[in-house]
Structures are given as C-alpha cells and as structure tokens.
Amino acid sequence: MKRTILLNPGPVILSERVRRALLQEDLCHREPEFASLTLDIKHRLANVYPEAASNYEAILLTGSGTCAVEAMLESLIPKQGKALIVSNGVYGERIASMVSVHAKANSVVSSQWHEAINLQNVENCLANDPAITHVIAVHHETTTGRLNNIAALGLLCKRYQVALLLDCVSSFGAEEIAFADWNLEACAATANKCLHGAPGVSFVLVKRGVFTERPSGASTLYLDLYRYYQEQKQGYSPFTQAVHVYYALLEALKELEESGGYLARHCNYKILLQKIYRGLKELGIQPFLDEQVTSCVLRSFKLPLGYSYEQMHDGLKQAGFIIYAGQGGLKNDIFRIANMGDLQLEDVNRLLEYFKILLDRNRTTLI
Ligand SMILES: *Cc1c(COP(=O)(O)O)cnc(C)c1O
C-alpha cells in the first residue's frame, strides 16, 4: 500500500498494528464482547494520565473531536449555569459558537490568533461576575500551534472556585494535563490525534462526582453524557458505536503504553518537531510563533516570500506528503506541520529533502 505521510493535525498516519486491528471480527454493540472492549478502552483512557485514573471516568462517543467537545459543553454546563469562554483561535471560537447554539449564558474573552489568552480579562470577569460556573478553554490551539497557559488559567479557576472544561483534542496523549491543579472538571479528546487511533471515536474524561452532584445540562438526547455514563458503566452505549474503530483505539492505547506512555510520546514528538524546525530554518523558512509558547505536536511556519500555499502543498503532495493550510485570516500567511501519528525520523528527513528540492526548483524558475 502507498504510504502517505500525513502532516495535518489528524487524522494521523496509522501504524500497521493499528491498521490491522480494524480487520477484526464483526461485533454487535449489544453483545457482552463489545461491552468488555468498551470497558477495557475506558480503563486505559483514564490511565493515560495516572493522576486521572481514580477520579475521572472516560465516556466514549462515536464521532469526531468536535462531537466530544459539544457533548461536554452541552451536558456539563448546567441549564442555569454560565460559561466564560477563553479564545485565541479557531477552536476557541468554535466553542463560543457551540455554547451560543445551545443557548447557554456565556461571556467570551478573546485574543487575536497570534496572541496568548488574556488572563487579566479572565480574572476581571471572574471577580465581577458571580454567575459564572464554568471556564472553557483550548489546551493546544491547533490554529497556530500555541500551547495555552492553562496552568495560570487553572490557578484562577481554583481561586474563584469555578470548574474548568478543556478542549484537549490535539494535546491528549502528548502534553501534560494537571487535573487537580487546574481544577479540571472534564476534558474532551479524540482517538485520531496524539493517541494514534483511527478517526470516528472521541471521548470525554469527566470527574466522577459530577454525575451524581447535579443533573445534566443537556437539551439534546444524542449528546447527553449522563446517559452514556449510566449505560457505559456496564460497557454498553445507547446508540450504535464504531465497533472497528474501537478495536483500533484499543490497539493504539496498548502501543502507547508499551512505548512508555504520554511522557515518552512527548519526548519523541519534540525530537521530530525540532528536526523539522531546524531543517526548515536552514532553508530560510521562519516559524510563526516562538518556541517557548508552542506545543510538541504542531508548528506553524510563515510561507516563504514568493510562494503560495498551493504551490508548496501541491509540490509536496506529489512526493507523498500532506501539509496543512492556515485557517481564516492566516490562510495566506502560514502553513502548518503536525508530527503526530506513526511518523518516523526517516519520513522527516525525506520531507526536508523534498522541501529543499521544491524551493530550489522554484528559485531556478524565478531566475
Ligand atoms: C482537531 C481539533 C478539534 C476538532 O476535531 P474534529 O475531529 O475535526 O472534530 C477540536 N479542537 C482542537 C483543538 C483540534 O485540534
């Protein structure tokens, strides 16, 4: 099979082991075999971060990362609650849209996409608005590759005793998540980013007490986490699940455990991303954000002068590499490279060779 090197932030390159797991036997989601599979995955997901293992319950959903984020917001922000959304990119803005679509009370503290989250404005809101029950933020803002300062945000949540809900879709499995220190009530993530599973399954890790302390905030039947929580205690789900994608996720989680867990993955990602950053720098391509504020998962780079994104993308695609465009207002300024998935050092070396060929070729034609 042709090996396409996906450098987009999910879906990711599957390892052969995970890909083969998709070919297992057909299974009815009402049978005990499926219930055991679900319970095994739930247990492993809660154990990716040892700190979460005893206090958080993983709820599995069939759908992409956005499905898990929406289910989290819809179910956990109480009907009479109020959300403070902290945004500095596409995914923060998507959260604000979802909370508004669901007609929940909210305020938004937004920053420009190239800026950090505005902690001073967050503190002002928390100090002046006692109606706020939940702060919502994006851990790794994939729009730019910025790892938001959730440690500082979490401290504010603790001080003002409001719960934090996080979109960890592109950080879960590779970046540190400090559950207790951040006053984290729940985080949403997906199978097919840093966990290296196939697309189609996502999940929310929720503090266990929540389900017994207060009723669901959901005005939707399909995305109500409370219902999933009840039924998944025995391993069953209210609706048909992506059975084969579950198989792949189980295998991906075993692979993560055997390779040293999220800390080892963090280190491996860092090595790959450093290599990409240094190689592109040598070719005169500059990063969009400083290294201190970026994740280990993705970096955005300024498009070199005289090159359109399409030129770069199409040239690299011919060689088997898929890079990723900037979104919205950054469309004509940046491109992005994610290093999640089964990406090897040889792949990165080849990528850099092709980048060089592409730039050399165009320089020659320009002359
Ligand atoms: C990818 C991503 C999402 C959305 O995930 P989908 O699987 O495309 O629905 C949400 N938030 C962040 C931070 C992401 O990187």
Side-chain angles (χ1 to χ4, degrees), residues 6-14 45 59-74 83 85-99 101 108 110-111 113 116-117 135-150 153 164-177 182 184 186-205 222-223 241-242 245-246 248-249 252 265 269 273 288-289 293-300 322-328 330 334-341:
L6 298 180
L7 301 162
N8 49 291
V12 298
I13 310 167
L14 299 183
L45 283 174
I59 317 281
L60 283 158
L61 298 159
T62 282
S64 77
T66 308
C67 168
V69 175
E70 190 155 22
M72 171 177 79
L73 301 174
E74 181 54 4
I85 299 145
V86 190
S87 156
N88 59 344
V90 167
Y91 297 101
E93 291 176 9
R94 186 180 291 173
I95 285 172
S97 305
M98 288 193 280
V99 171
V101 163
V108 182
S110 55
S111 307
W113 289 4
I117 54 174
V135 169
I136 333 260
V138 179
H139 186 204
H140 169 222
E141 187 41 271
T142 321
T143 310
T144 53
R146 183 187 291 272
L147 191 65
N148 279 323
N149 187 355
I150 305 299
L153 184 69
L164 178 65
L165 303 178
L166 274 188
D167 170 342
C168 289
V169 176
S170 63
S171 56
F172 194 95
E175 295 286 2
E176 178 81 48
I177 300 174
W182 298 353
L184 193 64
C187 63
T190 182
N192 67 119
K193 293 202 186 189
C194 307
L195 292 181
H196 300 186
V201 171
S202 56
F203 59 93
V204 187
L205 237 59
Y222 194 74
L223 290 181
Q241 297 297 292
V245 183
Y246 272 58
L249 177 56
R265 183 151 295 172
Y269 277 9
L273 203 50
F288 179 66
L289 293 179
V293 300
T294 57
S295 72
C296 67
V297 178
L298 174 143
R299 274 195 98 164
S300 44
I322 304 294
I323 59 167
Y324 210 52
Q327 287 156 293
L330 293 175
I334 65 167
F335 68 93
R336 292 177 287 170
I337 293 189
N339 50 278
M340 48 181 90

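We count ligands from 1, going down the list as the structure has it; atoms in each ligand are counted the same way. Quantities reported herein were computed from a predicted structural model and do not represent experimental measurements.
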Look only at interatomic distance and state if Tyr91 has a nitrogen or oxygen under 3.5 Å from any nitrogen or oxygen of ligand 1. no
Element-labelled atoms of ligand 1 that are located less than 4.0 Å from some non-hydrogen atom of Thr142: 12 (C), 13 (C), 14 (C), 15 (O)
Is the closest heavy atom of Val138 to ligand 1 under 4.0 Å? yes
Evaluate the ring planes of His139 and Trp182, with Trp represented by its six-membered ring, and classify them as parallel (under 30°), tilted (30 to 60°) or perpendicular (over 60°). perpendicular
To check your reading of the model: name the closest protein heavy atom to atom 14 (C) of ligand 1, its residue, and the distance in Å. Lys193 NZ, 3.0 Å
Side chains of Tyr91 and Ser170, heavy atoms from C-beta outward: is any pair under 4.5 Å? no
As an exercise, state the distance from CD1 of Ile95 to CG of Asp167, rounded to the nearest 0.5 Å. 5.0 Å
So, regarding Pro9 and ligand 1 (criterion: nitrogen or oxygen to nitrogen or oxygen, under 3.5 Å), is there a contact or not? no
Which one holds for Asp167 and ligand 1: side chain close, backbone close, both close, or neither close, with close meaning a heavy atom under 4.0 Å? side chain
Non-hydrogen side-chain atoms of Arg94 and Val138 separated by less than 4.5 Å: no
Ser170 neighbourhood, listing ligand 1 atoms whose heavy-atom distance to it stays under 4.0 Å: 13 (C), 15 (O)
Of all the atoms in ligand 1, which lie at a distance below 4.0 Å from a heavy atom belonging to Ser64? 6 (P), 7 (O), 9 (O)
From CG (Leu153) to CD1 (Ile117), nearest 0.5 Å: 4.5 Å
Does even one non-hydrogen atom of Arg94 get within less than 4.0 Å of ligand 1? yes
Measure the spacing between CG of Leu273 and CG of Asn339 and express it to the nearest 0.5 Å. 4.5 Å
At the 4.0 Å heavy-atom cut-off, does Glu141 count as touching ligand 1? no
If you have a sec, work out which protein heavy atom is nearest atom 7 (O) of ligand 1 and how many Å separate them, to one decimal? Gly65 N, 2.8 Å
What atoms of ligand 1 come closer than 4.0 angstrom to any heavy atom of Thr66? 4 (C), 5 (O), 6 (P), 9 (O)
Separation of Leu330 CG from Phe288 CZ (nearest 0.5 Å): 4.5 Å
Can you tell me how far apart CZ (Arg299) and CZ (Arg336) are? Round to the nearest 0.5 Å. 14.5 Å
Do any heavy atoms of Thr190 fall under 4.0 Å from ligand 1? no
Suppose I only count heavy atoms of His140 and a 4.0 Å limit; which atoms of ligand 1 are within that range? 13 (C)
From Trp113 atom CH2 to Ser87 atom OG, the distance as rounded to the nearest 0.5 Å: 9.0 Å
